[in-house]
Amino acid sequence: RRGSPGPSPLTGSPPQALVDDTEDVSLDFGSEEELALRKARIRHPLATFFHLFFRVSAIITYLFCDWFSNSFVACFVTILLLLSFDFWSVKNVTGRLLVGLRWWNQIDEDGKSHWVFEAKRVPAIAASTEAEARIFWLGLIICPVIWTVFFFSTLFSLKLKWLALVIAGISLQTANLYGYIHCKLGGQKSISRAPSRFFGTADAPK
């Protein structure tokens, strides 16, 4: 009868221990590749373009509209339309695609207004790139600051006919900034309040 193999003459342990020590270890490089893609690519070029196009166009038109037209009404309407297009596209499209955030208002059965701020949980492969997120937040923050500068310059230069338009620009762009900051800081939370208290400080959780 053939006996069972004895201990290893060098280590004094059974041969099975050598097999366990040489067990293959698989390395996962997928996360590194996804991280490189997030840093290097813009996955939504059209959304990225229109995120900046309307708001930058409104600012440029405000600065140089006197060069192209002598009609105050035409300039006023053009800038207001650009601001409105910007508000709608940022609120409904670019925020969702570029950073996975969205906010909206809904009316419940009792007629109460609820502001909902949501941060979507998406897989890593579908996440926005760092370049997209940087463009989104820079455009969202810088442009309201520029309109605030326009407000003071209009006020001090006594160009009061532009004051309503500048206030509209501040209001529309600050509303998006306010909404997305809430999404970023408290995603999946619903805020219930009256529309007239949109910029209030008291948050009533739903």
Side-chain angles (χ1 to χ4, degrees), residues 42 44-99 101-107 113-118 128 131-186 191-203:
I42 291 181
H44 307 93
L46 195 61
T48 304
F49 171 77
F50 281 106
H51 177 70
L52 298 176
F53 174 75
F54 291 121
R55 55 185 48 213
V56 173
S57 297
I59 292 172
I60 293 175
T61 304
Y62 177 81
L63 290 173
F64 302 107
C65 63
D66 290 337
W67 293 10
F68 304 104
S69 174
N70 293 324
S71 173
F72 168 76
V73 175
C75 294
F76 189 98
V77 172
T78 300
I79 297 171
L80 191 60
L81 285 175
L82 289 171
L83 290 171
S84 301
F85 291 152
D86 169 72
F87 177 82
W88 184 91
S89 63
V90 172
K91 178 181 177 296
N92 296 292
V93 180
T94 63
R96 177 174 54 85
L97 293 178
L98 300 184
V99 289
L101 304 174
R102 63 177 180 175
W103 65 275
W104 72 95
N105 176 267
Q106 63 185 17
I107 308 296
S113 177
H114 297 273
W115 294 97
V116 183
F117 306 95
E118 183 180 61
S128 62
E132 288 176 337
R134 189 177 297 111
I135 291 172
F136 177 84
W137 288 109
L138 285 176
L140 205 65
I141 294 171
I142 293 175
C143 290
V145 173
I146 294 175
W147 282 105
T148 303
V149 173
F150 289 163
F151 172 81
F152 288 106
S153 65
T154 301
L155 197 62
F156 294 147
S157 61
L158 298 179
K159 296 180 179 179
L160 300 182
K161 64 179 182 179
W162 293 102
L163 197 59
L165 180 63
V166 173
I167 291 174
I170 294 174
S171 301
L172 290 173
Q173 298 201 354
T174 303
N176 265 326
L177 177 61
Y178 176 88
Y180 282 116
I181 287 177
H182 263 271
C183 293
K184 185 69 174 177
L185 298 181
I191 307 298
S192 175
R193 63 180 64 190
S196 60
R197 297 175 59 196
F198 181 80
F199 292 101
T201 57
D203 292 344

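The structure presented is a predicted model; accordingly, all values stated were derived computationally and were not measured.
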S.K.: Looking at side-chain heavy atoms only, is the closest gap between Cys65 and Trp162 below 4.5 Å?
M.R.: yes

S.K.: Please collect all salt bridge (charged side-chain N to carboxylate O under 4.0 Å, His left out) contacts where either partner lies in residues 62-87, sequence neighbours excluded, each pair once.
M.R.: Arg55-Asp86

S.K.: Using atom types as modelled, flag every donor-acceptor pair under 3.5 Å from a side chain in residues 139-155 to any protein atom, sequence neighbours excluded.
M.R.:
residue	atom	partner	partner atom	Å
Thr148	OG1	Pro144	O	2.8
Ser153	OG	Val149	O	3.3
Ser153	OG	Phe150	O	2.9
Thr154	OG1	Tyr62	OH	2.9
Thr154	OG1	Phe150	O	2.7

S.K.: Is there side-chain contact between Leu52 and Thr48, with heavy atoms separated by less than 4.5 Å?
M.R.: no

S.K.: Check Asn105 against Ser113 and note the closest heavy-atom contact, atom names and distance.
M.R.: ND2-OG, 2.5 Å

S.K.: Using 0.5 Å steps for rounding, measure from the CH2 atom of Trp103 to the CD atom of Glu118.
M.R.: 14.0 Å

S.K.: Compare all side-chain heavy atoms of Tyr180 with those of Trp137 and state whether any distance is below 4.5 angstrom.
M.R.: yes

S.K.: Would you compute the distance between atom CZ of Phe49 and atom OG of Ser89 and round it to the nearest 0.5 angstrom?
M.R.: 11.0 Å

S.K.: For a 4.5 angstrom cut-off between non-hydrogen side-chain atoms, does Val90 reach His51?
M.R.: yes

S.K.: Any idea which heavy atoms bring Val99 and Ala133 closest together, and the distance?
M.R.: CG1-CA, 3.9 Å

S.K.: Looking at Ala47 and Leu97, what are the two nearest heavy atoms and their distance?
M.R.: CB-CD1, 3.9 Å

S.K.: Show every donor-acceptor pair shorter than 3.5 Å between a side-chain atom in residues 67-84 and any protein atom, with sequence neighbours excluded, or say none if there are none.
M.R.:
residue	atom	partner	partner atom	Å
Ser69	OG	Ser71	N	3.1
Ser71	OG	Ala74	N	3.2
Thr78	OG1	Ala74	O	2.7
Ser84	OG	Leu80	O	2.8

S.K.: Heavy atoms only: give me the nearest Gly95-Phe136 pair and the separation to one decimal.
M.R.: CA-CE1, 3.5 Å

S.K.: Going by the angle between their ring planes, with limits at 30° and 60°, are Tyr178 and Phe117 parallel, tilted or perpendicular?
M.R.: perpendicular

S.K.: Would you say the side-chain atoms of Glu132 pair up with the backbone N or O of His44, donor to acceptor, closer than 3.5 Å?
M.R.: yes

S.K.: Report the distance from atom CD1 of Ile42 to atom CG of Leu98, rounding to the nearest 0.5 Å.
M.R.: 9.0 Å

S.K.: Working to the nearest 0.5 Å, report the span between CG of Leu46 and OG1 of Thr94.
M.R.: 11.0 Å

